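What follows is a single structure, written as structure tokens, with notes after it.
Being a predicted model, the structure only gives us computed values, none of them experimental.
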Amino acid sequence: MLLQRRRARAGARARHAAESTVTWADGRLPVSEGGGLLRKSFPEHWSFLLGEIALYSFVVLLLTGVWLTLFFKPSMTQVVYDGSYEPLLGVSMSEAYRSTVDISFDVRGGLLIRQLHHWAALVFLSAVGVHLLRVFFTGAFRRPREVNWLIGVTLFVLALAEGFAGYSLPDDLLSGTGLRIAQGIMLSIPVVGTYISMFVFGGEYPGHDMVPRLYSLHILLVPGLLLALVTLHLILVFHLKHTQWAGPGRTHRNAVGKPMFPQFVTNSTGLFFMVFGVLAVLAAVAQINPIWAYGPYRPDVVSSGSQPDWYVGFLEGSLRLMPPFETAVAGHTVMWNVLVPAVLLPGALFAVLYAYPFFERWVTGDHQEHHLCDRPRDRPVRTGLGVAAICFYGVLLLAGGNDILAHTFDLSLNLLTWVFRISLVLLPPLSFMAAKRVCLALQERERERLAEGEETGEVRQTLAGGYVEEHAPLDAAERYVLRSRNVPEPLAPVPAPDGDGFGDRDAGAEAGDAPRVGRLRATLSEWYYGDRVDVVEVEPESSPGARSGTGASER
């Protein structure tokens with residue numbers, strides 16, 4: 001009895017202490033409001049994990065990056081190597097390169113952490129890129145998530161800059177070659193290119209300030225911006241709620257899935273350890289960026305077969321495919337062979353990414369909020385545009401290694417370059433048409449399955465002596481998904497201008513649209529939504545093997 005009373009008194013004191021703590025915290029922090037946040041639902045689908053993989057790779061980057069800053073020396077002062085790596089003994093190099101070699105061979109676990117940091121950077125950029133593709137193909141960038149799309153694209157741009165800065169810090173021959181190319185790109189900008197180069201490098205290339213400046217950008221400015229944008233991105237995800245795939249019980253007004261605590265937190269923590277484990281295994285068994293094999297950077301030496309990391313490979317390919325072309329204007333030489341592929345082309349690509357959500361909304365006239373994901377097959381034009389962009393990027397990426405491909409497969413380098421040039425022009429439109437037709441074919445197949453049912457593989461003989469295959473009706477969940485596809489109609493054409501010089505206002509034009517703008521918008525809307533397979537379910541006939549009417553129309 002005495003022991004039970006002591007336990008009861010201890011339990012009462014613990015409850016009183018917990019209540020007092022919660023009351024104290026609730027008066028200063030939004031503790032009670034956080035209860036609803038902990039019950040927030042997160043839909044389940046593998047594609048939603050791409051953003052989490054990017055987040056956890058970024059966490060690994062921050063942890064390993066902090067560790068590396070303890071040993072790296074961001075200085076271009078020349079020293080003579082006398083460390084444990086004998087092939088470099090007596091070689092003159094910068095302190096940045098020397099400290100990186102020391103991290104690799106003389107610091108316990110240094111090479112593992114270096115490679116873990118590098119692999120995490122590659123996975124981070126890959127996950128961000130694939131996550132953006134998922135958002136694009138499913139239409140998750142539409143209202144009210146346009147700002148989150150802009151933040152995501154900006155994150156990708158900053159991640160590219162952060163990766164290139166970190167890639168250049170060791171001051172080895174490979175990264176120095178990349179910096180030399182970057183300086184050539186700066187010089188190609190008319191009028192101000194020389195001034196930009198002098199400002200960035202602190203004087204004539206390569207100068208003595210480049211590595212310290214890149215170091216400040218790499219560990220302070222860009223990571224701070226990335227961390228701020230990632231935080232803002234997550235806040236908007238919580239505020240706007242997560243998108244989800246169509247299904248029974250899932251609407252634009254709810255989110256069906258696991259609550260944040262404890263199910264989602266538990267699964268997400270497990271995913272973090274899985275990402276960390278895979279990165280650790282890669283760092284341990286897959287060698288990457290062996291700077292000791294490249295040697296220290298010298299401005300008069302270029303390593304043969306040099307290739308950058310994949311995320312800037314498309315720039316390398318665009319530079320290699322552009323024919324030599326330059327003009328002289330008012331005493332200034334404009335190097336189009338560098339300016340177009342390395343400045344104008346990337347600027348245009350990212351401008352299209354930033355503007356696309358607003359372009360699609362203007363073309364389609366869709367101003368509704370969307371919380372359900374589109375299936376890519378239900379938006380053939382958008383899917384075709386995405387596939388064409390991927391093909392365009394893929395050709396540039398392969399062209400960045402045309403010398404390696406020519407050497408490996410014993411091909412003519414000039415022939416291979418022309419093949420890539422032609423492919424860059426022909427493959428994107430061909431892939432657009434192919435992807436669009438595949439989407440329409442998948443829609444047509446779904447219309448048949450909805451009208452006729454699923455093939456069972458069983459054949460029966462009719463009274464007339466023929467043979468027909470039995471069909472079973474689709475299950476309720478799949479039928480719901482197929483019936484929930486809602487493709488808007490194209491905007492109505494704008495009639496010719498009337499006597500006052502303005503066309504009639506209808507679905508093809510908004511208030512303030514000029515007649516020509518309205519007609520252009522209606523034409524683009526017809527191109528975007530004109531080819532479609534409308535699905536309308538009809539009542540099946542009594543016989544399970546009989547074919548029912550399609551109940552659909554194709555435009």
Side-chain angles (χ1 to χ4, degrees), residues 64-65 68-69 71-107 109-122 125 160 162-185 201 205-208 210-215 218 282-313 315-317 319-320 397 400-408:
T64 55
L68 290 172
T69 58
F71 303 96
F72 181 74
K73 297 180 180 179
S75 172
M76 298 185 71
T77 302
Q78 293 295 303
V79 296
V80 176
Y81 183 76
D82 59 354
S84 60
Y85 186 66
E86 294 186 359
L88 290 176
L89 288 176
V91 177
S92 178
M93 60 186 63
S94 66
E95 283 192 339
Y97 183 79
R98 164 67 187 265
S99 64
T100 308
V101 175
D102 288 343
I103 291 173
S104 302
F105 294 108
D106 298 318
V107 176
L111 182 58
L112 178 67
I113 300 299
R114 264 198 67 234
Q115 298 202 145
L116 179 60
H117 188 73
H118 202 124
W119 276 115
L122 296 182
L125 277 157
L160 291 176
E162 175 76 347
F164 182 76
Y167 168 82
S168 304
L169 283 179
D171 198 32
D172 59 284
L173 186 57
L174 182 61
S175 65
T177 303
L179 279 177
R180 185 65 169 180
I181 295 174
Q183 192 238 3
I185 294 172
F201 290 94
Y205 178 87
H208 297 281
M210 191 59 206
V211 168
R213 292 183 178 186
L214 282 175
Y215 185 70
H218 185 67
L282 286 173
V285 303
Q287 179 176 273
I288 190 170
N289 198 25
I291 56 134
W292 56 88
Y294 306 145
Y297 177 62
R298 287 176 48 186
D300 60 332
V301 176
V302 176
S303 59
S304 61
S306 59
Q307 303 293 323
D309 282 337
W310 73 265
Y311 48 85
V312 290
L315 280 179
E316 181 82 9
L319 285 167
R320 296 188 183 194
L397 186 63
N402 61 351
D403 54 342
I404 303 297
L405 294 174
H407 175 74
T408 302

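A search for salt bridge (Lys or Arg N to Asp or Glu O under 4.0 Å) contacts involving Arg298 returns Asp300, not counting sequence neighbours. In terms of the side-chain contact (heavy atoms from CB on, under 4.5 Å) criterion, residue partners of Leu68 (sequence neighbours excluded) are, by chain and number, Ile103, Ile113, Arg114, His117. Partners of Ala284 by side-chain contact (heavy atoms from CB on, under 4.5 Å), not counting sequence neighbours, listed by chain and number: Leu112. Evaluation of the side chain to side chain donor-acceptor pair (under 3.5 Å) rule for Gln115 yields no partner, not counting sequence neighbours. A search for side-chain contact (heavy atoms from CB on, under 4.5 Å) contacts involving Pro206 returns Pro299, not counting sequence neighbours. Checked against ring pair (Phe, Tyr, Trp, His ring centres under 6.0 Å), Tyr205 has the following partners two or more places apart in sequence or in another chain: Phe201. A search for side chain to side chain donor-acceptor pair (under 3.5 Å) contacts involving Tyr81 returns nothing, not counting sequence neighbours. Taking Tyr215 as the reference, Phe72 meet the ring pair (Phe, Tyr, Trp, His ring centres under 6.0 Å) condition, with sequence neighbours excluded. Partners of Ser168 according to the side chain to side chain donor-acceptor pair (under 3.5 Å) rule, which considers only residues two or more places apart in sequence or in another chain, do not exist here. For Ser92, the side-chain contact (heavy atoms from CB on, under 4.5 Å) criterion is met by Gln78, not counting sequence neighbours.
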Per-pair distances, 0.1 Å, donor-acceptor, side chain in residues 286-293, under 3.5 Å, sequence neighbours excluded:
none

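Judged by distance alone, the side chain of Tyr85 and the main-chain N or O of Val101 form no donor-acceptor pair under 3.5 Å.
For residues 95-106, the set of pairs meeting the salt bridge (charged side-chain N to carboxylate O under 4.0 Å, His left out) definition, not counting sequence neighbours, comprises Asp82-Arg98, Arg98-Asp102.
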